[in-house]
2 protein chains.
Amino acid sequence: MVRTRATVRDLRRQNRSVLLTALFLDGPLSRLQLSASTGLSAATASTITGELLDEGLLVEAGSVESDGGRPRVLLRVNPAFGHVIGVDVGETGIKVELFDLAMTRLSTVDLPLVEVEPGAVSDLIASGVGSVLAEAGVETSSVLGVGVGVPGTVERGTSAVVHAQTIGWDAVPLEKMIRAAGVEPRLFVENGAKTQGQAEMWFGAGRGAGHAVIVLVGSGVGVAVVTDGVVHRGATSNAGEWGHTTIVYGGRRCRCGVRGCLEAYAGAEAMLGRYREALRHNDPPVDQQSALEELLSSRSAVARRVVEESVGYLGAGIANLVNLFNPERVVLGGWAGLALGARRLDGIIAATAEHALRHPYGQVRIELGRTGPDAVAVGAATLPVAALLETGADPRSVRIPG
Amino acid sequence: MVRTRATVRDLRRQNRSVLLTALFLDGPLSRLQLSASTGLSAATASTITGELLDEGLLVEAGSVESDGGRPRVLLRVNPAFGHVIGVDVGETGIKVELFDLAMTRLSTVDLPLVEVEPGAVSDLIASGVGSVLAEAGVETSSVLGVGVGVPGTVERGTSAVVHAQTIGWDAVPLEKMIRAAGVEPRLFVENGAKTQGQAEMWFGAGRGAGHAVIVLVGSGVGVAVVTDGVVHRGATSNAGEWGHTTIVYGGRRCRCGVRGCLEAYAGAEAMLGRYREALRHNDPPVDQQSALEELLSSRSAVARRVVEESVGYLGAGIANLVNLFNPERVVLGGWAGLALGARRLDGIIAATAEHALRHPYGQVRIELGRTGPDAVAVGAATLPVAALLETGADPRSVRIPG
DNA sequence: CGAGGTTAGTTCGCGCCTAAAAATAAGCCT
DNA sequence: AGGCTTATTTTTAGGCGCGAACTAACCTCG
């Protein structure tokens, strides 16, 4: 539903956005190709690209001969127009990465975190941002924005507020705190599962899908739901708490206090916990990742049963998403999801098929994620880029260097 | 994400849409009030309303004196500009209703259905459409569109195709068939739960909410999810199959063949089935509605346990929706939902609170539906109206009578 | 009862926008 | 060199919303 009035200015903004987005996503294109792919007239495509070239947003990228006629001049987004930074706030440390506008990684910093206290995290982010800029020799003034992926849910008002039960954050005004710690560029705070989903959509297994579900299985489980190319947020940006949907009514108690949550069955922590129970061990492992590897490769009957059951629960959970959202694609990611999927993807797909309705199941393709361990940071860095593309880099709202 | 280029014409179309929508939803308004509420300048509001008056879409609706100055002339959508028809295709009969553009009901026809066979249904719809028009003395040419709410899922391609396992419809090209049966106006075929959700959003308990979930409990259960004012459809319009999400992994077998679906626990059929099992009865009731009334008002321990459990399952199912979609409002509707809710809404709310995460739960209001038994037909009739409002009644795409 | 005040709505000129047509640029081929 | 083909820019025409100035329709007060 259209909600607001439009003025003549909005036209230009929107058409700039359309052109810029086409160039960003589909690489170098000539003016005439742009005209064809966006539907704009050649004249308009020319005027607008001219404007964008003047502003430094675009650069020429060589030319291609055309049979007999004037060769086409290719245009692309100027990688040096500005930079973006992505931050991944984890429970044990933060990762900060600097990219140019073509999303080429220029520098990275990993900083261990002693205690997950909001003030300490904010200071660490500020110092990390300083480090990546210094390392690559990039000016703060050329940074278009800093995206921050955090655990828990993010309430986006005038300034982002974070709620993360697992690390004890209750209504932390993180955006203000990071700003106070000395980070100047525009900030984009978002849930880590959603930033990772964004990365998977732009650069991974989600490419090209309009409706997709990115399932993240790590210690716990999460999901990013993409509808019509947009990550779903809900009324207060809390949407997507898949891990705490009930899948076994009256079942095991989850760390959130409720019985029967999916997360009590399908995350790495839950799998290892059920395995320990079956073996009557008690101490939780020091390193979940290697413990999970061990469980997955064990040939003992107990281990195989635990894994088999987890595959079933996970499949049922995915089937619920398929039935509710009717996506074209499901991407299974997260370190535990990738580990489990590498060995048992067929089993997960079969379990999904068993629990989903025939028709929506017939429309979906289930794949493993294809982004690396820094997906959260990459996804976070895409947020300022997305904002730039959406506004068409409106010179009235975005600072133009020079 | 913006996807297409915009031309000057789009401006006018969008602003017409904004004005028309404001007038439709918020009753008679003066030109100046329109200017204020839409953000358009007074000049533009005036020009566009002038155009719409000329085209017959708007009419003046009296005037209101303003302290000391020229009185304001109120404008509203012309109810006689055109008519819309809503059709509710049920398992035992169809209901056809005719409305004017102010959504005032002009005539109704109920037609019993002997067998739910696509051809018979299409013919019945055609005859019903003829009847309501004849009864009210309305010309076919003034009908802006016919909305049809059907059980099952609707695939919307060039022409709508219906899949409804429960009544044995597999890929029925219903739109083409209704057209072939002689219905001339534009057709809008949609899932009945979604049309009912639409009715609840426009005229019922969903008014004013941007993000809402309309839960429908009848014989089975269904849901319509509204995001940013738009009913969610998914990649192939199959989204929202809440009834067949797993809530008791490995539990009771559902009529869809899977174990543990919500519908195997929470619909009227499931409640009555569990009651019969507990009592070791065998024959399903002739009349589900009165059987459910009886179950709900019975004081026997068995009946009370069955109802209590159903409340729990339903609450958990609603909590899943709250966690996944983070709505501002949940509306409980459907005949069984209203019957159960009338007595046990508090219990349902408590069960939801118990299973949902604190934060999203804190943002939601859970209410009973407020639309009557013809909600599906009313909702279906809103589809052509919504299309009219969205296009701003573009004279280039919509026929203007006269 | 008429002048002045107040609010509602309309008209007009400006600046901005895209599209279509015409003109120009830059290569190839003969 | 001249003609041909394709790409891009310039020119021209028509639409649009906005702000300012203007007109309309009522009231109050002397």
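Just so it is clear, the values below take in all heavy atoms, side chains as well, and ignore hydrogens, waters and symmetry mates. Every chain is numbered from 1 and lettered A, B, ... according to where its sequence line falls, protein lines coming before strand lines. A quick note: this is a predicted structure, and the numbers were derived from the prediction, not measured.
Following rounding to the nearest Å, B:Leu19 (CG) and D:dC16 (P) show an atom-to-atom distance of 14 Å. The nearest whole Å value for the distance from the CZ atom in B:Arg9 to the P atom in D:dA13 is 17 Å. When the P atom of D:dG14 is taken as reference, atom CG of B:Asp10 falls 20 Å away, rounded to whole Å. We find that CZ of B:Arg31 is positioned 12 Å from P of C:dA8, with the value rounded to whole Å. If you measure from atom CZ of B:Arg72 to atom P of C:dT6, you get 16 Å, rounded to the nearest angstrom. Residue A:Asp394 contributes atom CG, which lies 14 Å from atom C1' of C:dC16 at whole-angstrom precision. If you measure from atom CG of A:Leu11 to atom C1' of D:dG14, you get 14 Å, rounded to the nearest angstrom. Rounded to an integer number of Å, the gap from CZ of B:Arg13 to P of C:dT18 is 15 Å.
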Legend entry - Residues B:Val146, B:Val183; criterion side-chain contact (heavy atoms from CB on, under 4.5 Å); working and verdict: CA-CA 9 Å; B:Val146 177; B:Val183 177; 4.2 Å; yes
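One N or O donor and one acceptor, one from the side chain of B:Arg70 and one from the base of C:dA8, sit under 3.5 Å apart.
Proximity note for B:Leu32 (side chain, C-beta onward) versus C:dA8, C:dA19, D:dC16: the nearest is C:dA8. Of all nucleotides listed (D:dA25, C:dA19, D:dG17), D:dA25 comes nearest to the side chain of B:Pro71. The side chain of A:Ala43 lies closest to D:dT10 when the candidates are D:dT10, D:dT9, C:dG15. Across D:dT8, C:dT18, D:dG17, the shortest atom-to-atom separation from the side chain of B:Thr44 is found for D:dG17.
Within the nucleic acid shown, B:Thr47 has no heavy atom closer than 4.0 Å to any nucleic acid atom. Counting non-hydrogen atoms under 4.0 angstrom, A:Ala45 reaches nothing in the nucleic acid. Counting any heavy atom pair closer than 4.0 Å across all strands shown, A:Thr7 reaches sugar-phosphate atoms only and no base atom.
Relative orientation of the B:His232 and A:His211 rings is perpendicular, given thresholds of 30° and 60° on the angle between their planes.
Under the 4.0 Å criterion applied to side-chain N and carboxylate O atoms, B:Glu60 and B:Arg76 are not assigned as salt-bridge partners.
Within residues 34-42 of chain B, the residues that have a heavy atom under 4.0 Å from DNA chain D are, in order of number, B:Leu40, B:Ser41.
Positionally, the nearest nucleotide of DNA chain C for B:Gly69 lies more toward the 5' end than for the other of B:Leu74 and B:Gly69.
Within a 6.0 Å sphere centred on CZ of A:Arg207, heavy atoms belonging to other residues, nucleotides or ligands number 12 at most.
Considering B:Ile48, B:Thr7, B:Thr44 in turn, B:Ile48 is the only one that fulfils the side chain to side chain contact (heavy atoms under 4.5 Å, CB included) rule with B:Arg12. Each of A:Leu52, A:Leu389, A:Leu58 was scored for a side chain to side chain contact (heavy atoms under 4.5 Å, CB included) with A:Leu23, with one residue passing: A:Leu58.
Distances shown here put a side-chain N or O of B:Asn15 below 4.0 Å from the OP1 or OP2 atom of D:dG17.
Expressed to the nearest 0.5 Å, how far CZ of B:Arg16 lies from OG1 of B:Thr49 amounts to 11.0 Å. In this structure, A:Ile85 CD1 and A:Leu98 CG are separated by 5.0 Å, a value rounded to the nearest 0.5 Å.
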